[in-house]
2 protein chains.
Amino acid sequence: MQKNFWTEETISTLLRKHGLRVTAPRIAICKQLLAQHCHYSAQQLHEELAPLHPTMSPNTVYLTLNQLAAIGLIRSFNIDGNTIFDSNTATHDHAHCRNCNTLVDLPSNSEMPPVNMGEWALEWGTRLWSGLCPDCKQSANTTSAS
Amino acid sequence: MQKNFWTEETISTLLRKHGLRVTAPRIAICKQLLAQHCHYSAQQLHEELAPLHPTMSPNTVYLTLNQLAAIGLIRSFNIDGNTIFDSNTATHDHAHCRNCNTLVDLPSNSEMPPVNMGEWALEWGTRLWSGLCPDCKQSANTTSAS
DNA sequence: CTTTAATTAGTAATAATTACTAATTACTTG
DNA sequence: CAAGTAATTAGTAATTATTACTAATTAAAG
């Protein structure tokens, strides 16, 4: 995806293609999400948009994100009970720090599961690696070594 | 793990080894979980134990499961906002039917992430494949072909 | 410009999980 | 074996992310 691909125009076209109306909240949400590859919870996204769109309700953000996920424009997965939306729809894995909650993409070494699952119609998958990020790992070492 | 390995005695030993007291609820929970490789939400497990242990509170089940996960005796991950506890601690993946909620183990084709993540201290990971199980796939085909 | 159905904002409801507390109980020590 | 005590439990209340509902608004078609 080349830089600046997600202009207001390309987003509008895409929304209409999927039968969704072009509204200010949707444009704002798509811009924020698609402009960069990033991870958002609905709440985080709502907080970031609040200054620019003070009347936008959390409800709208939740609904819109689920719609975007339904049409495959973004992906969603779950960490510790929180739904995370990911604008990177390519197959890839994630590393999550159980201490500071940092979440980063991993280059995928994924392959589809073996053929004995051929009867399933698998659509998407992500692996979530859980552990400690470099910073928290170091803190843990320092603390325990005291 | 050989059959019938998880007797009341082996469970007691293991709990004490980790500094946990041996109580009736813990024995019951461990027996149910470890006796077979299976997936449980806290609620499901509480429901299954209720007939035999009518006074056991949901709270106890939640707490105990988190303790068992903390000492690495079981694993936990999250599907659609529900925490699932897994007594199979070997690295493996899962397939989840987004329609009927069926969850099955997949033989793992997982490897640890590439070396550029070497600074992370990754502890565990599971990939969750989302899609349709054979039954729901067939239903979908039948319906749409009408 | 009108019409109409989709969308929105706001509020209320839901449901899984955690927090809190008094009573109980497993384990330790004498 | 008999306390003592600290962990554990059951029950209830609180929390929090998410969804449901509804009246008002608005995008898009005619």
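Within every chain, numbering begins at 1; the chains are lettered A, B, ... in the order of the sequence lines, protein sequences first and strands thereafter.
- At a non-hydrogen distance threshold of 4.0 Å, A:Asn59, A:Tyr62, A:Asn66 from residues 54-73 of chain A come into contact with DNA chain D.
- There is a path of hydrophobic side-chain contacts, each under 4.5 Å, that joins A:Trp129 to B:Trp120.
- A donor-acceptor pair shorter than 3.5 Å can be found between the side chains of A:Asn88 and A:Asp105.
- Formation of a donor-acceptor pair under 3.5 Å by the A:Thr10 side chain with backbone atoms of A:Phe5 is found in this model.
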Intermediate values then yes/no, side-chain contact (heavy atoms from CB on, under 4.5 Å), A:Leu68 and A:Leu15: CA-CA 9 Å; A:Leu68 296 179; A:Leu15 289 175; 4.1 Å; yes
Footprint string (nucleotides 25-30 of chain D, 5' to 3'): B base within contact, S backbone only, - free, heavy atoms under 4.0 Å: -BBS--
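- To the nearest 0.5 Å, the span separating CG on B:Asn82 from OH on B:Tyr40 amounts to 16.0 Å.
- Annotation: salt bridge (Lys or Arg N to Asp or Glu O under 4.0 Å) contacts involving residues 43-72 of chain B, sequence neighbours excluded, are absent.
- Other cluster members for B:Ile79: B:Phe77, B:Ile84, B:Leu103, B:Trp124, B:Leu128, joined by side-chain heavy-atom distances under 4.5 Å among Ile, Leu, Val, Met, Phe, Trp and Tyr.
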Using the rule given for ring-ring contact (aromatic ring centres under 6.0 Å, His included), can you reason through A:His96 versus A:His94, listing the C-alpha separation, both sets of side-chain angles and the distance that settles it, and then say yes or no? CA-CA 6 Å; A:His96 177 246; A:His94 293 101; 9.9 Å; no
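- By the side-chain contact (heavy atoms from CB on, under 4.5 Å) test, A:Gln67 is found to be paired with A:Leu20, A:Arg26, A:Leu63, A:Thr64, residues two or more places apart in sequence or in another chain being considered.
- Note that the CD1 atom of B:Ile74 and the CG atom of B:Leu34 stand 7.5 Å from one another [nearest 0.5 Å].
- A search for side-chain contact (heavy atoms from CB on, under 4.5 Å) contacts involving A:Thr89 returns A:Arg75, not counting sequence neighbours.
- Side-chain polar atoms of A:Asp86 and A:His92 form a donor-acceptor pair below 3.5 angstrom.
- Pairs of residues two or more places apart, or lying in two chains, that qualify as salt bridge (Lys or Arg N to Asp or Glu O under 4.0 Å) and include a residue from residues 8-21 of chain B are B:Glu8-B:Lys31.
- Summary for the helix from C:dC1-D:dG30 to C:dG30-D:dC1: the axes at its two ends, each from 5 pairs, differ by 40° when rounded to the nearest 10 degrees.
- The hydrophobic side chain of A:Leu52 is isolated, with no ILVMFWY side chain under 4.5 Å apart from it.
- In the region residues 75-83 of chain A, proximity to DNA chain C at under 4.0 angstrom, judged on heavy atoms, holds for none of the residues.
- First and last contacting nucleotides of DNA chain C toward chain A (any atom under 4.0 angstrom from a heavy atom, 5' to 3' order): C:dA5 to C:dT11.
- Pairs engaging residues 49-73 of chain B under the ring-ring contact (aromatic ring centres under 6.0 Å, His included) rule: none recorded [sequence neighbours left out].
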